[in-house]
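Quick caveat, the model's predicted, so the values are computed rather than measured. Here is how names work: the chains are called A, B, and so on, in the same order as the sequence lines, proteins then strands, and each is numbered from 1.
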Number of protein chains: 2
Amino acid sequence: MQNAAKMDRAAVKNPVRSPTPEQCRDCSARHIGMCDVLSDADLSVLAHVAQRISLAAGKIFIEEGDPARYFYDINQGDVRVYKSLADGRRQITGFMGVGHFLGLAAGGKYAFTAEAINDVHLCRFERGAIKEVFDEFPALQRRLLDVATHELVIAQEQMLLLGRKSALERVAGFLLSWAENYAQGKSEPVTIPLPMSRMDLADYLGLTIETVSRSLSQLKRDKLIFFADAHAVTLLKKHRLQLIDAGEA
Amino acid sequence: MQNAAKMDRAAVKNPVRSPTPEQCRDCSARHIGMCDVLSDADLSVLAHVAQRISLAAGKIFIEEGDPARYFYDINQGDVRVYKSLADGRRQITGFMGVGHFLGLAAGGKYAFTAEAINDVHLCRFERGAIKEVFDEFPALQRRLLDVATHELVIAQEQMLLLGRKSALERVAGFLLSWAENYAQGKSEPVTIPLPMSRMDLADYLGLTIETVSRSLSQLKRDKLIFFADAHAVTLLKKHRLQLIDAGEA
DNA sequence: CGGGACTTTGAGCTTTCTCAACGATGGTGG
DNA sequence: CCACCATCGTTGAGAAAGCTCAAAGTCCCG
């Protein structure tokens, strides 16, 4: 009892700790993201260079321009990744959930800022330490390339959205792609959480909060979506959303 | 003589040929792109699985949705990479010049179309064949990750441009980034070619040709740039272009 | 239960788009 | 070699999508 209390206090003062095998086994990101390519046995090698970190909502843990010391793997919660202009304009380049890998950088510096949307748990890997693990398990390095390639495909899709789609098309497109994180391919009434604010949505879709709100209201009026509350949306007519997204409606 | 003539004829009928060591040595992409990480000796291994290809302006050589059989390395000319919507709207996600590497794909399918802007020469690598070379030279695999990471950084910058910048800021930003391909960091009167059409520019910047033209005209009126002709621009006041690009003017 | 933050809705405005005409340029055939 | 035509680029005027400013409504959290 007393020991446990002591450890808890220690954990609060210094929450940087490697995950135990049990924590890895039970981790919600165990079979997505980086860890999925390793067996339980091999995972302990990776776990050894990992540090578990907890972040409160709003905490910035990667800052644009800072030296890129760490990679991150999200175990819990959601993260917004963005770039800013001097006058405060902001473009969110992605929302990252459980299992997402984060921290690729060119030229040794992060090119983006990353901020916790809600309470976040993640595993942090120092670049130097993880390099040796990569050499030991080439599958990890290959997975890294897969992740980067996948991000690139998504980024290209987002450029199409930002450059060429109407407000309604952007909102429909976002709902569909966000839903994929929760219910791959599942059809009809799919209910998904929207942990981010309307402001986040606006900064992701290249719109204003008002236009996002109006577009969501229109989809609601047309009975394509339904809101239990502002942060939980149900997709009622996925097919018609897809038509709108593709510019065919 | 007769043999040479015969080979030339064969080359015309079947222009798919591995490059000779001399061709590699003299290639304008020798010290950029993939090949740069290999010594002349090692390069012959890569050259062995390469096929030199020539494309006329306008030729599409990667089509969105097709099985991703090849990687490409551009030796000469410029390429536009884009995605399209059903109704013909198009978003160019990048212009690729000499030394650029092309062909990363997730899920075995290309997510974009690639088309020659002018006459293009490139080296083509079959995925199966190159995989063995990658195993032999891990530096190549690492370079691939560097390329993907760099592309990702550029894509994020482009999302900021498309989502949050004004027309004038987009055009200024494009001129600066395009100039980097020709004169890294060089200052003041830098003259650069614009091989792409105004339509290409519009589809890259998420604008219309008219708005691109008006923005260029404004920069010209303000004496920040100068046109020898429509496809050769001189940057006169790089610093002021940078201010515009950053949203500080 | 109250207050601050977030979201929705409305009205007028700005930027960019659309439609149209004019101008330049480059390739071709007489 | 020049004239012609097709294509591309520039400029102008009016229209529209989305933005700004404003106010009312809603939801948490203390």
Side-chain angles (χ1 to χ4, degrees), chain A residues 56-58 80 85 87-91 117-119 161-175 193-222 225-233 244 247 249, chain B residues 56-58 80 85 87-92 117-119 161-175 193-222 225-233 244 247:
Chain A
R80 58 182 154 249
L85 290 172
D87 60 7
R89 278 176 287 175
R90 181 180 73 154
Q91 178 64 40
I117 291 178
N118 36 36
D119 287 355
L161 180 147
L162 292 170
R164 286 299 178 227
K165 288 186 182 176
S166 71
L168 196 67
E169 289 166 355
R170 293 182 200 201
V171 170
F174 164 75
L175 290 174
L194 295 180
M196 67 292 287
S197 68
R198 294 293 187 268
M199 178 62 92
D200 285 338
L201 244 30
D203 283 347
Y204 181 59
L205 298 175
L207 301 168
T208 58
I209 49 174
E210 293 93 335
T211 300
V212 169
S213 186
R214 278 187 252 272
S215 299
L216 286 171
S217 294
Q218 179 176 340
L219 293 175
K220 193 170 61 179
R221 256 198 317 282
D222 295 349
I225 63 175
F226 166 83
F227 280 97
D229 67 276
H231 294 280
V233 64
I244 292 172
Chain B
R80 56 182 153 250
L85 291 171
D87 61 8
R89 277 175 287 174
R90 183 179 72 155
Q91 179 65 38
I92 293 181
I117 291 178
N118 35 36
D119 288 355
L161 180 147
L162 292 170
R164 286 297 177 229
K165 289 186 182 175
S166 72
L168 196 67
E169 288 165 355
R170 293 182 201 202
V171 170
F174 164 75
L175 289 174
L194 296 179
M196 68 293 286
S197 68
R198 294 293 188 270
M199 177 61 92
D200 286 338
L201 245 29
D203 284 347
Y204 181 60
L205 299 175
L207 301 168
T208 59
I209 49 176
E210 293 93 334
T211 300
V212 169
S213 185
R214 277 187 255 271
S215 300
L216 286 171
S217 294
Q218 179 175 342
L219 294 175
K220 193 171 61 178
R221 256 198 319 279
D222 296 348
I225 62 174
F226 165 82
F227 280 98
D229 66 275
H231 293 281
V233 65
I244 293 172

Novice: Are the side chain of A:Arg164 and the backbone of B:Arg89 linked by a donor-acceptor contact shorter than 3.5 Å?
Specialist: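 Not a single qualifying donor-acceptor pair exists.
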Novice: Taking the side chain from B:Arg80 and the backbone from B:Tyr204, do they hold a donor-acceptor pair closer than 3.5 Å?
Specialist: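 No: the side chain of B:Arg80 does not pair with the backbone of B:Tyr204.
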Novice: Any chance you could list the contact pattern along nucleotides 11-27 of chain D? Use B for base contacts, S for sugar-phosphate-only contacts and - for none, protein heavy atoms under 4.0 Å, 5' to 3'.
Specialist: BBB----SSBB------
Novice: Measure the distance from CZ on B:Phe227 to C1' on C:dA24 and round it to the nearest whole Å.
Specialist: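 Atom CZ in B:Phe227 sits about 14 Å away from atom C1' in C:dA24.
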Novice: Once you round it to whole Å, what is the distance between P of D:dG9 and CG of B:Leu219?
Specialist: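 Rounded to whole Å, this separation is 17 Å.
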Novice: For a 4.5 angstrom cut-off between non-hydrogen side-chain atoms, does A:Val171 reach A:Thr211?
Specialist: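 The answer is no, as the side chains (C-beta and beyond) never meet within the 4.5 Å cut-off.
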Novice: Any donor and acceptor pair, going by atom type alone, linking the side chain of B:Asp119 with main-chain N or O of B:Ala57 inside 3.5 Å?
Specialist: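 Flag set: sc B:Asp119 to bb B:Ala57 pair under 3.5 Å.
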Novice: Could you state the CZ-C1' distance from B:Arg198 to C:dG23, rounded to the nearest angstrom?
Specialist: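 Distance, rounded to whole Å: 14 Å.
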Novice: Starting from C1' on C:dT9, measure out to CG on A:Leu216 and report it in whole angstrom.
Specialist: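 Rounding to the nearest Å, CG of A:Leu216 and C1' of C:dT9 are 14 Å apart.
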Novice: Could you state the CG-C1' distance from B:Leu162 to C:dT15, rounded to the nearest angstrom?
Specialist: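 Interatomic distance, CG of B:Leu162 to C1' of C:dT15: 16 Å.
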Novice: Under 3.5 Å, is there a donor-acceptor pair between the side chain of B:Arg170 and the main chain of B:Leu162?
Specialist: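 Pair found, side chain donor or acceptor close to backbone of B:Leu162.
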Novice: Please state whether the phosphate of D:dG9, meaning OP1 or OP2, lies under 4.0 angstrom from any side-chain nitrogen or oxygen of B:His231.
Specialist: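 Indeed, a polar side-chain atom of B:His231 lies that close.
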Novice: For the pair made of CE in B:Met196 and P in D:dC8, what is the distance, rounded to whole Å?
Specialist: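 These atoms are roughly 15 Å apart.
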Novice: Can you tell if the side chain of A:Leu216 reaches within under 4.5 Å of the side chain of A:Leu175, non-hydrogen atoms only?
Specialist: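 A:Leu216 vs A:Leu175: side chains touch.
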